[in-house]
Amino acid sequence: MLGKIESALLYLMRLVMVVLVLFTLFNFALWSWGAAHKPSSGAIEETHQNRDWAALKISEEELKKITYSDFGYDDTNQTLSDAKLAADPAVVAAFAEVDAVLRAAIERDPAQRKKLERDNDEPGLAPVQALPALVETMQAKERASQEMDAVDAAAAATAAASDAADSEGWKPQPTSIGEVLLQQTRSIISSYGYEAGRSFTLGAPQALKALLADPQVQKGINKQTTSMVVTNLLLNYGIVFSAKAGESEMSTAKPSWLERLIEPSNLLVFTVLLWSFVFLMMIVVFLRVERHLRTMSQDGKALAQRSS
């Protein structure tokens, strides 16, 4: 019985080791094929000669992106996406609808809102601004901020001293719903692309309407300042949207069986299994050799007793 178990284990381990060796040879064959079929310089030149250069079209966005960088724009992708948003009638309408929905919810009780703003020294909401004008205003502010950052150290120190002297006259600015929504949209675009940002904006009115219809949310709005209400509602919507976008990415990005097979973690598992089977096979072989040696020793003793 013990001999049959040993034979079965040895057969199984040999089979697994053959599979692992074949897997290694397969990967080596793929690497060799890629190295052997790497195009030479002559083949590359021939490919370029046969190319249809008349069909080559320059991307307007890529050209704008490079040109914008020459004019001092730090984030050319953001500038291009802002221009797309401002030129999209559906996005412009969604921005206006979100502003109207939040403004109506915040100003539902004007007396309570004025008292809350007076107690917290807040100026309330900024006037309604269409998306194209809002984009121009925000970009102008960002360019002004960049120009201030370019001031040398001496001028910056002088300006800081002047600002400190006039700090008592500074007052908080009104909260712009459109500006906060645009910042959230920019964040979505930078993470998932323009189409995700557009979907984020178009879905905002319906999502906020459903949220603001909740009585508990209405009570909470009456207890918070205007800036906190606008920031929290739009930020929470952005967080939920990002979470759903991340889930969809995880579900759609399914690697192939070969990619999963050659992942570093799987290769580590295969290596550990290979060495484990090697050691196990050595143990079984040593046990079998020891058993055969004992049998031979016993047979030798028995033969010696017979001969004597």
Side-chain angles (χ1 to χ4, degrees), residues 1-51 77 187-197 199-200 203 235-308:
M1 183 66 181
L2 184 59
K4 292 182 179 180
I5 295 176
E6 290 176 352
S7 300
L9 286 175
L10 286 174
Y11 179 79
L12 177 62
M13 286 184 288
R14 287 169 187 164
L15 181 63
V16 172
M17 291 184 68
V18 168
V19 172
L20 292 175
V21 170
L22 291 177
F23 171 72
T24 305
L25 292 176
F26 176 70
N27 283 338
F28 180 74
L30 289 179
W31 176 82
S32 301
W33 177 269
H37 290 77
K38 185 177 181 180
S40 61
S41 58
I44 295 175
E45 291 179 359
E46 185 178 354
T47 303
H48 289 326
Q49 289 177 357
N50 298 329
R51 187 174 180 180
N77 289 325
S187 177
I188 297 296
I189 292 175
S190 65
S191 300
Y192 304 103
Y194 174 78
E195 291 301 326
S199 176
F200 169 81
L235 178 61
N236 291 339
Y237 173 57
I239 292 173
V240 174
F241 186 92
S242 297
K244 288 296 181 182
E247 290 177 1
S248 62
E249 279 190 346
M250 291 295 292
S251 60
T252 55
K254 294 182 178 179
S256 63
W257 65 270
L258 183 58
E259 291 176 347
R260 293 196 299 267
L261 192 63
I262 61 177
E263 285 180 357
S265 58
N266 291 337
L267 290 178
L268 178 61
V269 172
F270 288 142
T271 304
V272 173
L273 286 176
L274 179 60
W275 283 106
S276 299
F277 276 106
V278 169
F279 287 125
L280 185 58
M281 180 177 288
M282 291 175 62
I283 293 172
V284 174
V285 169
F286 288 152
L287 290 175
R288 171 171 278 193
V289 169
E290 182 182 1
R291 189 162 55 83
H292 280 294
L293 289 176
R294 287 179 180 176
T295 304
M296 291 174 62
S297 176
Q298 291 175 0
D299 292 343
K301 291 179 180 179
L303 183 60
Q305 289 177 359
R306 290 175 184 175
S307 61
S308 62

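Y237 is linked by a ring-ring contact (aromatic ring centres under 6.0 Å, His included) to F200, counting only residues two or more places apart in sequence or in another chain.
At distances below 3.5 Å, not a single donor-acceptor pair connects side-chain atoms of S199 with backbone N or O atoms of E195. Remark: side-chain polar atoms of S297 are not paired, donor with acceptor, to backbone N or O of L293 under 3.5 angstrom.
Taking every heavy atom of both residues into account, S242 and I188 meet most closely at OG-CD1, 3.3 Å. Of all heavy-atom pairs between A196 and F241, the closest is O-CZ, 3.5 Å.
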